[in-house]
Amino acid sequence: MYPSRKSNLIFQFFSWYIAYIIKKDFSSYTYDRLQLKEEEAILLLANHFSWWDGFLMFQLNKVVFKKDFHVLVTEEDYQRQWYLKYLGAFASKPRGKDVVETLIHAGQLLDNPKNLVLLFPQGRLYTSYVNNVSFEKGVMQLINASKKKFQIVFSATLTDYFDKRKPIAKSYLCAWVAEEYISLQLLKREYNKHYNEAIHKQSKKSA
């Protein structure tokens with residue numbers, strides 16, 4: 001596994017820089033407010049359609065969730081964007097056993113109430129115009145590696161220009177209360193229900 005690294009100086013700089021470029025490159029970035037349990041970790045499931053996704057979720061965590069940020073990224077992104085490891089990113093090496101061990105590590109992070117783990121269930125970038133967000137099987141391996149004492153939050157981030165020169169971004173958030181039994185099909189269905197509701201709300205803004 002490629003682990004995350006610690007450096008307060010690098011973390012503080014990029015924490016400032018991410019907030020700066022979001023403010024500079026977007027007309028606005030808004031999000032829903034949620035009532036969440038401070039004594040439980042958060043598994044944040046988000047759609048993945050742009051270079052911005054991880055940065056937007058990092059900023060969201062800083063101002064809303066206020067947890068220790070962790071995100072599972074691809075090996076390519078981990079190696080290419082060196083600073084990600086200092087912002088809570090970790091990745092698996094391209095071997096089957098290491099992939100499983102990385103998912104177990106991610107699940108165990110959720111046993112600590114101070115943590116937030118961001119996961120893009122699609123596994124790679126897709127256009128934001130998809131009708132259905134796919135879920136890779138590793139999502140359930142991660143969940144099953146935990147003690148299942150955490151909160152699940154769905155995030156559907158959408159961007160539009162409307163009458164602005166710069167795009168607006170909105171993260172539609174939903175705290176999903178899981179049933180005792182969670183399956184990949186159930187999780188995918190409930191996330192996509194939230195995703196489609198977000199698209200509907202976004203569409204109404206342009207009406």
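Bear in mind that the values here come from a model prediction, so they are computed numbers and not experimental data.
Defined by atom type and a distance below 3.5 Å, a donor-acceptor pair is missing between the side-chain atoms of Y78 and E76.
With rounding to the nearest 0.5 Å, the separation of CZ in F65 from CD in E38 is 13.0 Å. With rounding to the nearest 0.5 angstrom, the CD1 atom of I42 is 11.5 Å from the NZ atom of K37. Here the OG1 atom belonging to T74 is positioned 8.5 Å from the CD atom belonging to Q81, to the nearest 0.5 angstrom. Separating the SG atom in C174 from the CD atom in E197 is a distance of 7.5 Å, to the nearest 0.5 Å. With values rounded to the nearest 0.5 angstrom, S7 atom OG is found 11.5 Å from K85 atom NZ. From M140, atom CE reaches atom CD1 of I182 across 6.0 Å, with rounding to the nearest 0.5 Å.
Inter-residue side-chain proximity for M57 and S171 is flagged as met; some heavy-atom pair is nearer than 4.5 Å. In this structure the side chain of L43 never reaches within 4.5 angstrom of the side chain of Q151, judged on heavy atoms. Contact check for L142 versus L110: side-chain heavy atoms found under the 4.5 Å cut-off.
Under the ring pair (Phe, Tyr, Trp, His ring centres under 6.0 Å) rule, F58 has a single partner from F11, F14, W52, which is F11.
Ring geometry for W16 versus Y20: interplanar angle under 30°, hence parallel rather than tilted (30 to 60°).
The pair K170-D160 does not meet the salt-bridge criterion, since no charged nitrogen lies less than 4.0 angstrom from a carboxylate oxygen.
Residue L173 comes nearest to D32 through the heavy atom pair N-OD2, 2.8 Å, listed as atom of the first residue, atom of the second, then distance. Across all their heavy atoms, E40 and K67 have their closest contact at O-NZ, 2.9 Å.
Between the side chain of D68 and the main chain of N115, no donor-acceptor pair closer than 3.5 Å is present. Although no hydrogens or angles enter the test, the distance criterion places no donor-acceptor pair under 3.5 Å between the side chain of Q141 and the main chain of I104. Of the possible donor and acceptor atoms, one in the side chain of H194 sits under 3.5 Å from a partner among the backbone N and O of Y172. Not one N or O on the side chain of Y126 forms a donor-acceptor pair closer than 3.5 Å with the backbone of S134. Although no hydrogens or angles enter the test, the distance criterion places no donor-acceptor pair under 3.5 Å between the side chain of K201 and the main chain of N196. Proximity of a side-chain donor or acceptor of D111 to a complementary backbone N or O of S146 within less than 3.5 Å is not detected. In this structure, the side chain of Q122 engages the main chain of H48 through a donor-acceptor pair within 3.5 Å. A side-chain donor-acceptor contact under 3.5 Å links K166 to the backbone of K24. Looking at N47, its side chain does come within 3.5 Å of a backbone N or O of T157 through a donor-acceptor pair. Between the side chain of K164 and the backbone N or O of F26 there is no donor-acceptor pair closer than 3.5 Å.
Between F154 and Y191, the distance from one ring center to the other falls under 6.0 angstrom. Annotation: F55 is in aromatic contact with W51 [ring centroid separation under 6.0 Å].
One hydrophobic cluster, built from ILVMFWY side chains closer than 4.5 Å, holds both L109 and F150. A single hydrophobic cluster is seen to contain both Y17 and L84, as judged by linkage of ILVMFWY side chains at heavy-atom distances under 4.5 Å, directly or through other members. In the hydrophobic clustering of ILVMFWY residues, with side-chain heavy atoms under 4.5 Å counting as a link, Y2 and L118 come out together. In the hydrophobic clustering of ILVMFWY residues, with side-chain heavy atoms under 4.5 Å counting as a link, V63 and L87 come out together. Linking ILVMFWY residues whenever their side-chain heavy atoms come closer than 4.5 Å, directly or via other members, leaves V73 and V133 in distinct clusters.
Looking at residues two or more places apart in sequence or on another chain, you find a side-chain contact (heavy atoms from CB on, under 4.5 Å) between T102 and M1, L72, F90, S92, D98.
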Q) Can V153 and L36 be said to form a side chain to side chain contact (heavy atoms under 4.5 Å, CB included), step by step? A) CA-CA 9 Å; V153 174; L36 296 169; 4.1 Å; yes

Q: Please step through side chain to side chain contact (heavy atoms under 4.5 Å, CB included) for the pair L119 and V139, ending with a clear verdict.
A: CA-CA 8 Å; L119 187 66; V139 178; 3.9 Å; yes

**Q.** side chain to side chain contact (heavy atoms under 4.5 Å, CB included) evaluation trace for L158 with F49
**A.** CA-CA 9 Å; L158 302 172; F49 68 94; 6.0 Å; no

(Q) Please evaluate residues R189 and Q185 with respect to the criterion side chain to side chain contact (heavy atoms under 4.5 Å, CB included), reporting the C-alpha separation (whole Å), side-chain torsions for both, the decisive distance (0.1 Å), and the verdict. (A) CA-CA 6 Å; R189 185 186 72 209; Q185 292 75 19; over 6 Å; no

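Within the cation-pi definition used here (under 6.0 Å to the ring centroid, within 45° of the axis), K23 does not qualify as a partner of Y29.
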